[in-house]
Every structure is written in structure tokens, then in C-alpha cells.
Amino acid sequence: MKVSILGAGAYGIALSKIFMDNGMDITIWTKVQDEYDMLMQEHCNKKTLPSFKIDKSIQITMNMEDAIKDAKVIFVATSIKFVNDVLLEAKKYYKKGQHICMACKGITENNLSFGSEMAQNILKSKKIAVISGGTFANDMVMDNLMGLVISSHNKSTSKIINKCICNKHIKTMITSDVLGVELCGALKNVIAIACGIMDGANYSESTKSMFFTIFLNELVEMIYYLGGYKGTILNYAGIGDLWLTCTSNNSRNYTLGLMIGNKQSRKKIDEYIKNSTVEGFYTLNSIYLLLKRKKYRVKFIDILYEILYKDGNSDLFLNYFDK
């Protein structure tokens, strides 16, 4: 079975390892000439996952038609800000029977959309799924045991994607709560920034525990208000991904929070945001605007927005209970 991966960053390459283990015929597409040259010459992406070399049997291309032609499943593994353009290009060659799986997290800033919404609007397909969970790319390629959630409204799509992913190293959960899974995937990056801020500001372990519980409860209520299932917080895409992203120095979002909590200079913080993929920074603005549109307020979102976008002090969290 042919599987196409649109995006040659760390996560796309890590997915190729899983698919190779499961006996898939794989094509990786990139629009970036430097990535293409590295993958063709070095069989790795030295910038994002330098320690792992992809199998030489994997096809590498910059031609979208070649990438998705005859593919049973197309995995979109680019940053959320590039998804719209990638899907518009894929639309020219997409066939109705192909399954689409969004392997990206976040909400776009321009139209406040999740990945699955863009795929549905652009490709007009019902065979759309999302995958999410606490899975760092470097752990995936090392065959560490981990869990992923597959979410789709289409049972056949969930089944075929499960066939691509599930093996002795990757355990899966399947749900129909696409919105809840995407909200968890987006907001875990935002909460990771908040956790980093508290660590950087030397909040006590007890204080951090209290705030993490508050954030978790507010996230559950937000998911429910926007139309998802409260129970989604208990799966790999929920508490599993939150725990990973909010406690690891490997998380770029957590690192950004740590810099803010340490009161590093605005210049250093801006440079880090510019040179790293810190999805939570952009997602915070998107979720703030989305909630404003829905006329629903979430206190920790308001506080974090004040800190990141209005140069507020990290001690604002300590005023959480003030009226």
C-alpha cells in the first residue's frame, strides 16, 4: 500500500519509520530545495532529525503529482501555517477515494481553522482523520513504546490509518471526537508555555501542581463548550500529550516559557520565536481570537495572552484568584 507524507520535517520523517516497519510503500514530498537535497544525498534531515537516516527505498520528490498519485493514504505533516497552501496544491491531483490524515497541530492565525477543517473545505472529502498524542519524533525513530490517537468521523478511514500506524511500538486509540483531539493537540502547546513560565519564575512544585489542575479543568470545559467530548482529555492526545509537552526540556514551547519566566531579554525571546517552530505562541493568538468570537472566556488564556502579547509580568498567574 502506498503512503504519501507531505512534509519532510522531523515528524514526517519519524512517521516514515513507522510506515516502513509496517511494510508500506512510502513517498515523502517537500517543497524546500535544501530539504530535498539533504534527503537525496544524506538520507536525513540534518536540521530537524540529524541522528536518523531514512531507508533508501523511500521515494523523495518535490513534485506533488508524483507524491500523491496512487497513494491510499496522504499524511499532511507540515507546520499548521503551511497546511492551507499544501492542501491547495494537493487538490489538483487528489482523487476522491484517497484518505487524508492530518499529522499537524494548532490553529491557523488567518482563518482560525484546524487542520481537518481546512482539509474538508479544500478537498471536499469525508475521508479525513487526525492523529495526535505524546510522541516526540526522536523517540519514534528509536522504537520507543508510545501511544497515538486516531480520530475520524469515517470508520473506514480510521481503520486504514490504524493499519499504517499500529505495531508493537505504537499503540493506538480510536475516537470520533475530531474537534476534541485537535483542541488538545493545539492547547497542549499553549499550556506548555505556561508551565515553562512557572518553572522559569521558580514557582514551587505545589503551586505548579495547582495551576496545572486548573488549566486541565479549563481545557475540559473549553472542549465541551466548543462541541467536543470531555472524556477526550483522558486519552493519548489529551493528558498523555500534555504531560509530555509540559514537562520536557525537549519541548520548544516549554523552553519559550522558561525564557519568559527567567526574564530573559525581549530580544532573545523574539530571536528564539523567529528561529524555532514554537507552535504554541501562534496558537495562543488564534485560540484567544476564536474564544473571543465564540464569546467564551478562559482565564488562563487571557493571562497568558497578556504575558506574551502585551509584555505582561509572569507573576500575573499569582493574581489568578483576584477578582
Using a strict threshold of under 4.0 Å (side-chain N to carboxylate O), is an ion pair present between K17 and D143?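 Yes, D143 and K17 are salt-bridged.
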Under 3.5 Å, is there a donor-acceptor pair between the [X] and [Y] side chains?
X	Y	answer
S248	S251	no
E182	S116	yes
D21	N167	no
E35	T30	yes
D177	T175	no
N63	T61	no
N275	E271	no
N111	T108	yes
S176	H153	no

Taking the side chain as every heavy atom from C-beta outward, state whether [X] and [Y] have any atom pair closer than 4.5 Å.
X	Y	result
I160	M1	yes
I165	F19	yes
L216	I239	yes
I174	K159	no

Consider salt bridge (Lys or Arg N to Asp or Glu O under 4.0 Å). Of R266, K274, K267, which one does D270 pass it with? R266
Check T245, D241, N189 against K105 for a side chain to side chain donor-acceptor pair (under 3.5 Å) and give me the one that passes.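 Looking at T245, D241, N189, the match for K105 under the side chain to side chain donor-acceptor pair (under 3.5 Å) is D241.
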Can you name the one residue among L308, N262, V278, L256 that meets side-chain contact (heavy atoms from CB on, under 4.5 Å) with I269?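 Exactly one candidate clears the test, L256.
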Can you confirm if the aromatic rings of F300 and F212 lie within a centre distance of less than 6.0 Å? no
Cation-pi check, K208 to Y203: give yes when NZ or CZ is under 6.0 Å from the six-membered ring centre and within 45° of the ring axis, no otherwise. no
Checking K294 against Y225: charged group under 6.0 Å from the ring centre and within 45 degrees of the axis? no
Count the heavy atoms of every other residue, nucleotide or ligand shown that sit under 6.0 Å from [atom1] of [X], and state whether that count exceeds 12.
X	atom1	value
Q120	CD	no
M142	CE	no
K53	NZ	yes
K171	NZ	yes
K163	NZ	no

Can you list every pair that meets ring pair (Phe, Tyr, Trp, His ring centres under 6.0 Å) and has a residue in residues 234-292, with sequence neighbours left out?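 Residue pairs with at least one partner in residues 234-292: F281-Y309, Y288-Y305.
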Tell me if a side-chain donor or acceptor on S151 pairs with a main-chain N or O of V181 at a distance below 3.5 Å.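 A pair under 3.5 Å: no.
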Expected list for residues 74-95: side-chain donor-acceptor pairs under 3.5 angstrom, two or more places apart:
{"residue": "S79", "atom": "OG", "partner": "E279", "partner atom": "OE2", "Å": "3.0"}
{"residue": "Y94", "atom": "OH", "partner": "Q98", "partner atom": "O", "Å": "2.8"}
{"residue": "Y94", "atom": "OH", "partner": "S125", "partner atom": "OG", "Å": "3.0"}

